[in-house]
Number of protein chains: 2
Amino acid sequence: MAGQRIQRQTGVALWRQIADRIRTSINHGDFDENGMVPPETTLALQFGVNRHTIRSALAALAQEGIVRAVQGRGTLIERKERLSFPISRRTRFSQGIGDQVRETRSMLLASGEDVASSELAKQLRIEPGAPLIRLETLGHADHRPVSRATSWFPADRFGNIAEIYRVTGSITKAFKELGVADYVRVVTEITATHADEGDLTDLQLSPGAIVLVAQALNADLDNVPVQYSISRFAADRVRFTVEN
Amino acid sequence: MAGQRIQRQTGVALWRQIADRIRTSINHGDFDENGMVPPETTLALQFGVNRHTIRSALAALAQEGIVRAVQGRGTLIERKERLSFPISRRTRFSQGIGDQVRETRSMLLASGEDVASSELAKQLRIEPGAPLIRLETLGHADHRPVSRATSWFPADRFGNIAEIYRVTGSITKAFKELGVADYVRVVTEITATHADEGDLTDLQLSPGAIVLVAQALNADLDNVPVQYSISRFAADRVRFTVEN
DNA sequence: TTTAAATGTCTATTGATATAGACAACCATA
DNA sequence: TATGGTTGTCTATATCAATAGACATTTAAA
């Protein structure tokens with residue numbers, strides 16, 4: 001980690017830029033030898049800023065629960081995590097990361113009915129205007145929110161999927177009850193953008209944070225589309241893995 | 001686009017948050033009817049900020065070449081684009097987006113020799129400390145930079161790949177000359193982060209911008225690793241597509 | 001027990017960010 | 001040509017962000 005330069009007068013405060021970099025370094029395992037962040041004076045030298053600016057950055061990370069400062073000793077790393085999400089034909093939320101965390105949980109934020117827009121209709125291979133069930137869900141791993149998804153299902157086949165999901169907390173189980181024994185991922189589109197207001201609240205992010213956006217189409221074993229979803233992940237908590 | 005709330009005192013200036021949102025809206029096609037951004041006073045009302053703050057946001061977008069303000073008329077949308085990169089066993093830079101743009105070009109920024117770190121050695125299935133060739137390349141589409149990559153190749157097989165790449169401008173062609181008739185993508189890891197200093201200059205981004213990071217392993221048809229690369233894409237110019 | 005090294009707290013100052021208001025300059029159109 | 005709507009420019013003020021320095025407090029090790 002050589003001399004890192006920081007951008008000034010860009011609308012992003014130095015302390016926030018530095019906080020982002022330190023968080024990345026922690027997730028990358030740069031300070032794993034002693035489990036501590038370098039002293040404030042050292043960081044101030046490395047980043048070329050005042051020690052108070054470093055303190056602001058560390059205070060923000062402490063607020064997130066990533067580090068904890070102990071007077072006289074130093075600043076300890078409390079938590080580091082970046083979950084790895086495999087993206088394959090068998091992509092599912094909980095199974096993919098099940099071996100990386102102690103506990104996963106999905107909760108239903110909202111549900112309702114939509115009519116298929118031209119875009120949704122094309123993806124799900126149904127008529128525009130056809131009725132759809134919309135589920136908005138929040139995925140947790142070890143009690144921390146990691147993903148926020150909106151899914152659409154053709155209403156004719158999955159009219160009461162919201163009810164079943166509310167009980168089981170699992171798309172896979174809901175599909176099974178509705179006669180879809182298995183399903184596979186057809187295509188996934190991945191983009192990245194800044195967190196919007198919903199991301200900030202649901203995923204507990206701070207403004208300027210990044211979300212990875214995955215738009216996915218699932219189909220049953222007869223290759224009939226059953227689910228189109230747009231999932232938003234806190235970028236500093238996850239990594240997508242594509243196995244070919 | 002209902003009343004959008006903006007976060008204050010978070011280390012990210014209001015004008016930058018607003019610029020990011022307007023850029024997203026433009027890419028999403030929200031203002032496609034008349035090709036213009038709403039008037040400054042309207043935006044000021046929508047975001048609940050002063051008109052001068054909106055002007056700072058629009059000035060930043062004008063600097064990026066995304067909008068152009070015309071006194072007396074309004075603020076015109078100059079450009080919106082997001083290239084789609086397919087990620088599959090046959091992922092290549094130019095072929096994937098060839099039908100989306102008129103011209104693609106790759107140029108060599110730098111090359112050199114490295115010794116394999118433990119991480120690189122594991123990926124390429126060679127001994128740690130073994131010699132590697134490092135290529136740093138910049139990918140353009142229609143004269144705009146979109147990706148910035150660092151690749152490593154085992155030096156014993158590909159000792160003079162830099163020379164050949166410099167002439168041909170293509171990894172695929174360089175591999176062919178060195179006896180690798182074909183190669184496939186084994187795995188791709190995708191993350192997102194804030195642009196660093198190199199991204200800002202090479203990809204012509206402004207601070208706070210997002211880069212999609214793809215770490216990829218390519219192997220020849222005998223499944224022997226031939227290339228490990230870390231590519232950084234301007235997130236507002238590309239989209240990854242995973243076909244399963 | 002002393003000392004060095006680390007975080008915690010305080011004051012003061014400068015520059016960037018945001019608000020507020022007023023008016024000029026320009027464009028399209030009635 | 002007159003008018004309404006839009007961007008451009010200016011002044012003034014308040015708050016946030018960053019620097020600078022000094023010193024207190026705590027911890028671990030000499």
Side-chain angles (χ1 to χ4, degrees), chain A residues 4-22 26 31 33-78 206-208, chain B residues 4-22 26 31 33-63 65-78 194 206-208:
Chain A
Q4 325 201 13
R5 237 152 298 157
I6 296 286
Q7 307 280 324
R8 287 161 194 264
Q9 300 171 28
T10 60
V12 183
L14 297 185
W15 64 264
R16 174 144 292 283
Q17 294 183 53
I18 292 169
D20 291 339
R21 291 221 192 165
I22 294 176
I26 290 174
F31 312 127
E33 306 98 33
N34 48 5
M36 294 177 77
V37 171
E40 294 170 354
T41 48
T42 306
L43 290 171
L45 253 163
Q46 283 182 354
F47 286 104
V49 299
N50 193 275
R51 178 177 155 235
H52 293 295
T53 308
I54 298 291
R55 284 180 62 75
S56 298
L58 291 176
L61 294 178
Q63 182 69 25
E64 295 180 40
I66 292 177
V67 301
R68 179 169 53 92
V70 179
Q71 191 171 7
R73 289 183 60 195
T75 303
L76 283 64
I77 294 171
E78 287 282 282
S206 40
Chain B
Q4 324 203 12
R5 238 150 298 157
I6 296 286
Q7 307 278 323
R8 287 160 195 266
Q9 300 172 24
T10 58
V12 183
L14 297 185
W15 65 262
R16 174 145 293 283
Q17 296 182 54
I18 291 169
D20 293 338
R21 292 219 193 167
I22 294 176
I26 289 175
F31 312 127
E33 308 99 32
N34 49 6
M36 294 178 78
V37 172
E40 294 170 353
T41 48
T42 307
L43 290 171
L45 252 163
Q46 282 182 356
F47 285 104
V49 300
N50 193 275
R51 178 176 156 236
H52 294 296
T53 308
I54 298 290
R55 285 180 61 74
S56 298
L58 291 177
L61 294 178
Q63 183 70 25
I66 292 176
V67 301
R68 178 169 55 92
V70 178
Q71 190 171 9
R73 289 183 61 195
T75 303
L76 284 64
I77 295 172
E78 286 281 283
H194 288 95
S206 44

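In what follows, every heavy atom counts, from backbone to side chain, and hydrogens, waters and symmetry copies are set aside. Letters A, B, ... are given to chains in the order of the sequence lines, protein chains preceding strands, and every chain is numbered from 1.
Looking at residues two or more places apart in sequence or on another chain, you find no side chain to side chain donor-acceptor pair (under 3.5 Å) involving Gln63(A). Evaluation of the side chain to side chain donor-acceptor pair (under 3.5 Å) rule for Arg73(A) yields no partner, not counting sequence neighbours.
Taking only side-chain atoms of Glu40(B), from C-beta outward, the nucleotide of dT7(C), dA18(C), dT7(D) with the closest atom is dT7(D).
For Phe47(B) and dT19(C), the CZ to P distance is 13 Å, given to the nearest whole Å. Rounded to whole Å, the distance from CD1 on Ile54(A) to P on dA6(C) is 14 Å. Look at CH2 on Trp15(B): it is 15 Å from C1' on dC16(D), rounded to the nearest Å. Regarding Asn34(A), its CG atom lies at a distance of 14 Å from the C1' atom of dA5(C), rounded to whole Å. Rounded to a whole Å, the CZ atom of Arg55(A) is 14 Å from the P atom of dA6(C). One can place CG of Leu61(A) at 13 Å from P of dT7(C), the figure rounded to the nearest angstrom. Remark: C1' of dT6(D) and CZ of Arg68(B) are 15 Å apart, rounded to the nearest angstrom. Going from atom CG of Leu14(A) over to atom P of dG15(C) covers 15 Å, rounded to whole Å.
At a threshold of 4.0 angstrom between heavy atoms, the contacts of Thr75(B) are confined to the sugar-phosphate backbone, with no base atom among them.
Side-chain contact between Ile22(B) and Leu43(B) is present, with heavy atoms from C-beta onward closer than 4.5 Å.
Between Ser56(A) and Ala69(B), the residue whose closest nucleotide on DNA chain D is further toward the 5' end is Ala69(B).
Within the 4.0 Å cut-off from OP1 or OP2 of dA5(C), not a single side-chain nitrogen or oxygen of Thr41(A) is found. Contact annotation: Thr53(A) reaches the phosphate of dT19(D) (side-chain N/O to OP1 or OP2, under 4.0 Å).
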Seminar exercise, completed: Under a 4.0 Å heavy-atom criterion, the protein footprint on nucleotides 20-30 of chain D, written with B, S and -, is BB---BBBS--
For this session: Would you sort out whether Glu78(A) and Val67(A) count as a side-chain contact (heavy atoms from CB on, under 4.5 Å), showing the intermediate values?
Result: CA-CA 5 Å; Glu78(A) 287 282 282; Val67(A) 301; 5.5 Å; no
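Counting only distance, with no hydrogens or angles, the side chain of Glu40(B) and the backbone of Arg55(B) share no donor-acceptor pair below 3.5 Å.
The heavy-atom pair separating Phe31(A) from Met36(A) by the smallest distance is CB-O, 3.3 Å.
Atoms CD1 and CD1, from Ile26(A) and Ile77(A) in turn, are 4.5 Å apart once rounded to the nearest 0.5 Å.
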